[in-house]
Amino acid sequence: MSDTTDLSARWTARLTELIARHSVPGAGLGMVHRGELIAEAAVGLANTEAGIETTTDTLFQIGSISKVWTTTVAMALVDEGLLELDAPLVSVLPELRLANEELTQGVTLRHLLNHTSGIDGDFFADTGRGDDCLEKFTALLGEVTANHPLGATMSYCNAGFTLLGRVLEVVTGVQWDELMRERLYRPLGLTHTATLPEEVLRFRAATGHVGDPPVQAQTWGLMRSAGPAGLICSTPREVLKFARLHLDNGVTEDGTKVLSAEGVTAMQTPQVKLPGPSNLSRAWGLGWLLDTWDGHRVYGHDGGTIGQNAYLRVLPDDDLAICLLTNGGDTTGLYRDVFEEIVQELVGVMMPAPVEPATEPVPVDPADYLGVYQRVSSSMEIVERDGGLVMLDRMTGPLAELMPDPEQEYALHPVEPGLFVVKRPGITAWVPAVFYTLADGTPYLHHGARATPKVG
């Protein structure tokens, strides 16, 4: 066998072991090293109820990795002079109305791309299946309260990327789904990448699984208005073709220039640091999350929809990109096991250890943390119980209707003053919760990459 075939066979066997360990129904994996697809593997079931096996051509929902695709097109329009990173969006979208006048008049493309706009990011509204869904969604944003002042902190913002999709439609005159085909899918030669369910169903497609143990989700996908933030479906092989575009300075395999080298570099340049430790990254660029593993630069993105999770990491100095697509179970644990093994074997890199509870007692004054932290779609109440702190986490709004259990309760385990971790059901990794204040002294809780103000 060739080296590629041998490595693919080895990873097919290894991935089969690992999905069983982490109760993941099905997964697809691919890796590109030094410009070549060196291995791909597909294991388990894409759909447990129908007994459909996962193959290397199975389409998974890549979720929020879609944001980097939308960002790439936005930066190409910056190259062409149709957009400016630091010009107010109202200069191209004069009808825009947001929570307040400062936000409306001041928000820029850069704020959207690095998640510092303050637009409450988890506003999800189903504005229909029509080609005008982004326009209708944008018209609703004036009703959405800001969850922090413009530029004051980083808070992951899905709604900002739906707004970005509308901006792209206005400046190009092309509807977002078609714009992705025109600007990315066709130039990259992607044949198994799509956004609309009627397109995806031409292929073998994974369905999400939720809960512990995982069972098939009753809803396949999110509303169409979430497209620019997270509705692209693809395979590991084709996600890696997109990653190669960035490794190759914005040029496709056949020499087509999609994005300038300057645009590629700008996307990988740190824009904002996270307020504390995170499982995702240490900083955000334009679209990409940015990190350092064992002294090696890393950029990438994760994606999560209804029972499907996706992971993409690129080590540019090592010319390595890895993509893992999954459909339920402890996908975070699977991600760590798979990526740790690959990067150590191929380039001798150690992934940083995740944040874990302190082994020694940490002095904690409950009064510093008790209260209600709230934004659109989420209410987190910190209470004292049995000598410790507990987070009562309630999901609200349209997104809650899509989840099997919108209310959860987690014990807060201290790491150091102001930093705690929680353990979610069925997930092996600890998730940080950072208590901090903005420059104006307002208390906030940063959890799940979102900044949530204390309201009571």
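- Two residues are said to be in side-chain contact when any heavy atoms from C-beta on lie closer than 4.5 Å; Asp122 and Phe124 meet this criterion.
- Remark: the backbone N or O of Gly448 is paired with a side-chain donor or acceptor of Arg450 at under 3.5 angstrom.
- Nearest heavy atoms, Gly35 versus Asp319: N-OD2, 3.6 Å.
- A side-chain donor-acceptor contact under 3.5 Å links Thr58 and Thr55.
- Heavy-atom contacts from other residues, nucleotides or ligands closer than 6.0 Å to CD of Glu340 number more than 12.
- Counting only distance, with no hydrogens or angles, the side chain of Thr70 and the backbone of Ser66 share a donor-acceptor pair below 3.5 Å.
- Of the possible donor and acceptor atoms, one in the side chain of Gln308 sits under 3.5 Å from a partner among the backbone N and O of Gln61.
- Summarising the geometry, atom CD1 belonging to Ile65 is positioned 6.5 Å from atom CG belonging to Leu325; distances are rounded to the nearest 0.5 Å.
- Judged by distance alone, with hydrogens and angles left aside, the side-chain atoms of Glu49 form no donor-acceptor pair with the main-chain N or O of Asn47 at under 3.5 Å.
- Remark: side-chain polar atoms of Ser8 are paired, donor with acceptor, to backbone N or O of Glu40 under 3.5 angstrom.
- Atom CD of Glu178 is surrounded by more than 12 heavy atoms from other residues, nucleotides or ligands within 6.0 Å.
- Annotation: side chain of Val421 is in contact with side chain of Pro357 (closest heavy-atom distance under 4.5 Å).
- Of the N and O atoms on the side chains of Tyr311 and Thr331, at least one donor lies less than 3.5 Å from an acceptor on the other residue.
- Ring geometry for Phe435 against Phe420 counts as perpendicular: the plane angle is over 60°, on a 0 to 90° scale with 30° as the lower cut.
- For Thr195 and Asp177, the side-chain atoms include at least one donor-acceptor pair closer than 3.5 Å.
- In summary, the side chains of Thr72 and His246 do present a donor paired with an acceptor at a separation below 3.5 Å, with no hydrogens or angles considered.
- Taking OG of Ser234 as the start and CH2 of Trp69 as the end, the distance is 4.5 Å to the nearest 0.5 Å.
- Of the candidates Lys423, Arg424, Arg394, Arg385, Arg385 is the only one forming a salt bridge (charged side-chain N to carboxylate O under 4.0 Å, His left out) with Glu409.
- Residue Arg313 forms a salt bridge (charged side-chain N to carboxylate O under 4.0 Å, His left out) with just one option from Asp318, Asp291, Asp302, and that option is Asp302.
- In terms of modelled atom types and a separation under 3.5 Å, the side chain of Thr71 and the main chain of Leu286 share no donor-acceptor contact.
- A donor-acceptor pair is defined here as one N or O able to donate and one able to accept, closer than 3.5 Å; no such pair exists between the side chain of Gln408 and the backbone of Asp393.
- Listed for the His447 side chain is a donor-acceptor partner under 3.5 Å among the backbone atoms of Pro432.
- Looking only at distances, a side-chain donor or acceptor of Asn147 sits under 3.5 Å from a matching main-chain atom of Ala451.
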Would you please test His115 and Phe161 for ring-ring contact (aromatic ring centres under 6.0 Å, His included) and show each step?
CA-CA 9 Å; His115 299 275; Phe161 272 79; 5.3 Å; yes

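- Phe123 is not listed as a side-chain neighbour of Ser377, based on a closest heavy-atom distance of 4.5 Å or more.
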Val239/Thr193 under side-chain contact (heavy atoms from CB on, under 4.5 Å): CA gap, chis, key distance, verdict
CA-CA 9 Å; Val239 173; Thr193 298; over 6 Å; no

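- Ion pairing between a basic and an acidic side chain is recognised when a charged N comes within 4.0 Å of a carboxylate O; Arg204 and Asp57 show no such pairing.
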Between Asp248 and Val264, is the side-chain contact (heavy atoms from CB on, under 4.5 Å) condition met? List the steps.
CA-CA 9 Å; Asp248 294 338; Val264 169; over 6 Å; no

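- A donor and an acceptor atom, one from each side chain of Tyr444 and Ser155, are nowhere located under 3.5 Å apart.
- Panel note: side chain Glu238, backbone His192; a donor-acceptor pair is recorded below 3.5 Å.
- Applying side chain to side chain contact (heavy atoms under 4.5 Å, CB included) to Thr326 and the options Val24, Thr54, Val338 leaves one that passes, Val24.
- Few gaps surround CG on Asp365; more than 12 heavy atoms of other groups in view lie less than 6.0 Å from it.
- A side-chain donor-acceptor contact under 3.5 Å links Arg375 and Thr452.
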